[in-house]
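Encoded as structure tokens, the structure appears first; notes follow it.
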2 protein chains.
Amino acid sequence: MTPPLNSETSHTVRKTLEFVQHHRLAKGDRLPSERELSERFGVARSSVREALAVLDAMRITERRPKSGIYLRNAVEDGGLEALVLQADLGLTFDPQVTRDVTEARIICEEQALRLACQRRTDADLSKLHQTLHAYASTIQAGGDMAEADVQFHLALVAAGQNRILVRTLTPLMLMSRRWRERYFESEAIRHRSLADHRDFVAAIEARDEAAAATLVRRHVETAAADVRALAEQGGAAASQTNTT
Amino acid sequence: MTPPLNSETSHTVRKTLEFVQHHRLAKGDRLPSERELSERFGVARSSVREALAVLDAMRITERRPKSGIYLRNAVEDGGLEALVLQADLGLTFDPQVTRDVTEARIICEEQALRLACQRRTDADLSKLHQTLHAYASTIQAGGDMAEADVQFHLALVAAGQNRILVRTLTPLMLMSRRWRERYFESEAIRHRSLADHRDFVAAIEARDEAAAATLVRRHVETAAADVRALAEQGGAAASQTNTT
DNA sequence: TGCTTGATCTGGTCTGACCAGATTGGTAGG
DNA sequence: CCTACCAATCTGGTCAGACCAGATCAAGCA
């Protein structure tokens with residue numbers, strides 16, 4: 001459900017991003033020609049072009065006719081969609097990005113939840129209970145917690161009746177999907193998370209803005225801290241990338 | 001500076017989106033095959049594929065191997081980047097989207113400005129003054145106000161030291177670029193806007209969070225109301241799209 | 001009626017070709 | 001020795017056509 005790209009295109013996009021990272025290319029630098037990339041990656045030029053069309057649309061690269069392919073921004077400085085793509089591809093970013101994502105999530109989600117308290121309909125409420133139930137089931141069944149978590153938070157935000165806010169938060173959620181996968185390996189965390197989610201729904205049901213706001217902050221901040229701890233402890237191997 | 005896509009790819013993307021709109025395709029509906037699209041649009045299949053790669057990456061379409069191309073979401077329900085693309089292409093959306101964008105902008109921008117008040121450096125401040133000056137010059141020279149406005153607001157947000165928030169707000173800004181173009185045709189509005197911007201910088205310089213917050217709300221809400229009035233008055237022709 | 005089978009359609013990928021500018025290297029002229 | 005000009009080369013943009021392997025579905029056989 002997550003991978004948006006075709007196998008080969010996705011593969012080539014990944015290869016290209018890796019190339020950029022590996023060669024420490026900076027904004028304005030020129031990439032090898034399409035023909036050379038296709039040779040280097042062992043795919044046809046048409047495949048390279050598809051990947052470049054995607055990178056272009058994401059404003060990561062810029063193709064200048066008769067000239068070459070240039071890096072529009074550093075890999076870490078594209079659009080949000082670009083970040084999601086990188087997260088999907090398993091590329092990591094520096095800690096500052098993680099902190100910024102957390103902060104942005106708290107900001108957007110807190111306000112969204114306030115709106116949800118004001119505007120939620122009974123339909124939203126039953127949807128929330130349903131999603132909450134699905135969440136609990138996923139814990140029982142040992143299913144995809146990261147996915148269930150994303151779905152729950154998005155349902156929460158959706159109750160705020162602002163589709164743009166939902167779209168804004170979606171990439172922020174998807175971005176931390178990878179981290180969450182490891183995060184939910186702990187049973188204690190899974191259950192604490194479920195308890196938090198119950199509180200969320202209760203707050204929205206009671207239209208208690210203050211409670212909801214406090215909950216988000218604590219929930220997201222705690223989760224972020226845990227993930228950070230996990231990253232430092234478990235995976236020095238997976239934690240570094242270029243920081244210019 | 002805005003158009004991110006190559007001529008032909010952009011052209012085909014536009015044609016495809018128009019096709020979807022014209023035929024009132026809904027989520028899950030199937031588009032014509034690549035071969036038929038290429039024939040219909042009068043371009044090679046490879047060009048269609050590039051466009052589809054972009055639409056795929058934006059999660060607007062989904063290509064199922066050996067099956068067909070399907071609409072992942074209604075055109076109005078893609079990612080933020082997709083909305084920007086549509087705005088760039090001159091496609092309009094329903095009023096609810098406009099309202100949601102305004103609300104989301106206020107939420108994100110208010111919090112970003114609060115952060116800016118706390119964290120802005122002297123470098124940020126001089127950058128802001130510089131951007132403000134450029135803004136005033138653009139008014140004098142009769143330049144691209146929409147662009148200058150976007151740049152100013154992004155500089156404002158950037159002072160909050162959260163790159164993710166900047167990236168979040170960028171599409172929201174770009175999205176309303178079209179509307180802004182007409183908006184800034186009024187001289188009165190141009191000057192009121194400049195005055196507002198001066199106040200913004202002053203508030204951030206004084207680290208006055210409350211003032212900054214009040215300013216954003218009033219500034220964005222007023223602008224949105226004006227644009228709405230303009231849309232209702234001037235262009236019934238340009239205001240409707242499908243609302244399902 | 002029900003099941004099998006093969007023609008057809010679809011996206012995925014590759015090869016190779018041509019175009020028109022941009023770039024660049026070398027050579028002819030000063 | 002240096003300058004100026006021109007042609008070979010390189011680049012992205014686009015097109016045409018081909019093959020593959022599943023998916024689909026209708027026709028035909030049991």
request  = Look at the side chain of A:R35 against the base of D:dG12 and say whether a donor-acceptor pair falls under 3.5 Å; ignore hydrogens and angles.
outcome  = yes
query = When all nucleic acid strands are considered with a 4.0 Å heavy-atom cut-off, which category describes B:I69: base, sugar-phosphate, or nothing?
reply = sugar-phosphate
query = What nucleotide, of D:dT14, C:dT15, D:dT11, holds the atom closest to the side chain of A:S33?
reply = D:dT11
ask   = Heavy-atom distance under 4.5 Å between the side chains of B:R228 and B:T98, does that happen here?
value = no
message = Using a distance-only criterion (donor-acceptor N/O pair, under 3.5 Å, no hydrogens), is the base of D:dG13 paired with the side chain of A:R45?
response = yes
ask   = Quick one: which of C:dT15, D:dG13, D:dC15 gets closest to the side chain of B:V43?
value = D:dC15
ask   = Counting just side-chain N and O atoms, does B:T9 come under 4.0 Å of either OP1 or OP2 of D:dG13?
value = no
note = Checking C:dT15, C:dG11, D:dG13 against the side chain of A:A44 (C-beta onward), the nearest is C:dT15
ask   = Mapping A:S46 and A:K66 onto DNA chain C by nearest heavy atom, which one lands closer to the 5' end?
value = A:S46
inquiry  = Taking the minimum atom-to-atom distance to the side chain of A:E34, which one of C:dT13, D:dC15, D:dG13 wins?
reply    = D:dG13
task = Examine the side chains of A:D149 and A:H197 and answer whether a donor and an acceptor come within less than 3.5 Å of each other.
result = yes
message = Regarding B:Y135 and B:S193, do their side chains bring together a donor and an acceptor under 3.5 Å, going by distance alone?
response = yes
key: Gap between atom CG of A:L71 and atom CD1 of A:I60 - 0.5 Å precision   = 8.0 Å
